[in-house]
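Comments concern the structure below.
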Amino acid sequence: MTSDMPDIVTRFAPSPTGFLHIGGARTALYNWLFARANGGKFLLRIEDTDTKRSTQEAIDAILKGLQWLGLDWDGDAISQASRADRHREIAQALLESGNAYKCFATAEELAEKRDAARAGGERFRGDIWRDKQAEAPENTPYSIRMKMPREGAHTIVDRVQGSVTVQNAELDDMIILRSDGTPTYMLAVVVDDYDMGVTHIVRGDDHLNNAFRQLPIYEAMGWSVPEYAHIPLIHGPDGKKLSKRHGALGVDAYEDMGFLPEAMRNYLLRLGWSHGDDEIISTQEAINWFNLENIGKGPSRFDFDKIDSLNSHYLRTLNASELLPYIKSALENLIDHALSKTEEARLLKALPSLAERAKRLPDISESAALYCDIRPIALTDKAAKQFTDETRPVIADVANELEALTSWNSEDIKNSIMSFAEARDLKPGKVMQPLRAALTGGKQSGDLAETLEILGQVESIARLRDQAAA
RNA sequence: GGUCCCUUCGUCUAGUGGCCUAGGACGCUGCCCUUUCACGGCGGAAACACGGGUUCGAGUCCCGUAGGGAUCACCA
């Protein structure tokens, strides 16, 4: 490690074969937090050595996902493929030092050996040419394989999983340079992590076994081994592994569903990590508190109910002008016209109480539509039942009462309705329920008098008369 | 199948040998508040996978069993 590097360097190293899924997002979050918690650096490396499967779209989606989550990385994102020369150089060095060797076997030959070994209950280590270098043929393409130790064992003291030991005899002579001269992931990770000065590797525990295959490269090069923290995977709500056809979504899908990035961060943080009984954890607190030791060891399931409750909490912390941009375009879609100045003014007053009732952003835009000019408003079945021969005249009369009001504020509106009810010897609820139905069509809204105030005298009375006349 | 990892309420988790009659959160649920829906307040049901040890004492340590997961490519 270079000496001018900070004490802690982490990295997130996604392969750009798809979107940034929820597990990757959490891995990125943990790496980011650990770096930020320790005044270190958080690096981003795109593992695009598999050029066949890597796409620019996927890279863009990953970058966008990280940005949405608010996880900023230090420096430029590094393309692993662009470092192929360096990887080849190390492969060559390994070859020259006798830690790696040329393998002339063909794919078919290898597959054959592998199947045979497996059928016999043996393990195949890919070592056909391990001890036959003297017989190396001329002008034949070859791959380069790592010459793995056969005796002894390696132990990793993983920051999450604890002490883990694997016998060296389990290790195969993996390919580090393909016969077409391109480096494999197994070589590239090690070289890049070393060159980037990565001190702590925090990644999914699907890489735990790989760590042991990578160790011999560090040793052969005389490089110090980084600290490892292998975090458990996230499963779907049913406990099954998350896959593309089974509930794995890109973070953009969660954005579309109406989750706030701060809610997502809080949820992901808490999914597999804890700080006593704390549930609502601000990003600053997360940075102050985050550590590797409190990461749980078992896999966890994604639970929409819980993230909903977190999201509704964060929704409530936003004020009206912060909220409006989040819902504006969805709302305009819903009401089929651009927001007018009056509508916007109503919304600025109504939004906080709408947010209080919402779990996700669409809940807000849907209820916000009530404050727009959408006459005649649609009625739910339940609301429609409020309009009877009995209630229609009441609505009409209340409309007249309200029209006579010279000051339009919730206090006076409420008094007017209450005294109307009293004069007719009606229970307040008998009056208010039909009113509410006529004004909202059955959708959720806040306090009735306040709703009327925000809607304005003209619009309110028009809505009431729509139903009174129907 | 080999190797490695994991296992506390339905879910996320607290718990690091006595403070555990196992705590919190989400969800579920009863009551209260109330002009609706929410919010809020007060309650409730709900878990140490199983079996052996070690120990005066085990959710906590050890060993087995069962279940789940990961990995065994010229993918990453």
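Quick caveat: nothing in here was measured; it's all calculated off a predicted structure.
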Query raised in the report: Do A:K102's NZ or CZ and the ring of A:Y142 fall within the cation-pi criteria of under 6.0 Å and 45°?
Result: yes

Report task. Classify the nucleic acid contact of A:R53 as base, sugar-phosphate or nothing, counting any heavy atom under 4.0 Å across all strands shown. Result -> base

Query raised in the report: With a 4.0 Å cut-off on heavy atoms, is A:S179 in touch with a base, just the backbone sugar-phosphate, or nothing at all?
Result: base

**Report entry** Of the listed nucleotides B:rC6, B:rC4, B:rG1, the one nearest the side chain of A:R118
**Finding:** B:rG1

Query - Stepwise salt bridge (Lys or Arg N to Asp or Glu O under 4.0 Å) check, A:D193 with A:R11 - result: CA-CA 8 Å; A:D193 283 336; A:R11 47 69 159 182; 2.8 Å; yes

Report task. Could you give the distance separating B:rC9 and B:rA49 at their C1' atoms, to the nearest angstrom? Result -> 14 Å

**Report entry** Inter-nucleotide C1' distance (B:rU21, B:rG15), Å rounded
**Finding:** 16 Å

**Report entry** Selected nucleotide, minimal atom distance to A:T184 side chain, candidates B:rA76, B:rU35, B:rA70
**Finding:** B:rA76

Report summary line: Considering only heavy side-chain atoms of A:R357, the closest of B:rC26, B:rA76, B:rA38 is B:rA38

Report summary line: Of the candidates B:rA70, B:rC5, B:rA76, the side chain of A:L233 sits closest to B:rA70

Query raised in the report: Which part of the nucleic acid, if any, lies within contact of A:T49, taking any heavy atom under 4.0 Å across all strands shown: a base, the sugar-phosphate backbone alone, or nothing?
Result: sugar-phosphate

Query - Among B:rA70, B:rU36, B:rC74, the nucleotide that comes nearest once only the side chain of A:D206 is considered - result: B:rA70

Query raised in the report: Looking only at atom P, what distance separates B:rA22 and B:rU35, rounded to whole Å?
Result: 41 Å

Query raised in the report: Base, sugar-phosphate alone, or nothing: which one does A:E170 contact when heavy atoms must sit under 4.0 Å apart?
Result: sugar-phosphate

Requested in this report: For A:A383, answer base if it contacts any base atom (sugar-phosphate contacts may also be present), sugar-phosphate if it contacts only those atoms, and nothing otherwise; contact means non-hydrogen atoms under 4.0 Å.
Outcome: nothing

Report task. Quote, to the nearest angstrom, the P distance that separates B:rG24 from B:rC42. Result -> 12 Å

Requested in this report: When you get a sec, tell me which of B:rA14, B:rC5, B:rC74 is the closest nucleotide to the side chain of A:V164?
Outcome: B:rC5

Query - Minimum-distance nucleotide to A:D303 side chain [options: B:rG10, B:rG24, B:rU3] - result: B:rG10

Query raised in the report: To the side chain of A:D277, which of B:rG40, B:rG24, B:rC26 is closest?
Result: B:rG24

Requested in this report: Evaluate the ring planes of A:Y30 and A:F290, with Trp represented by its six-membered ring, and classify them as parallel (under 30°), tilted (30 to 60°) or perpendicular (over 60°).
Outcome: tilted

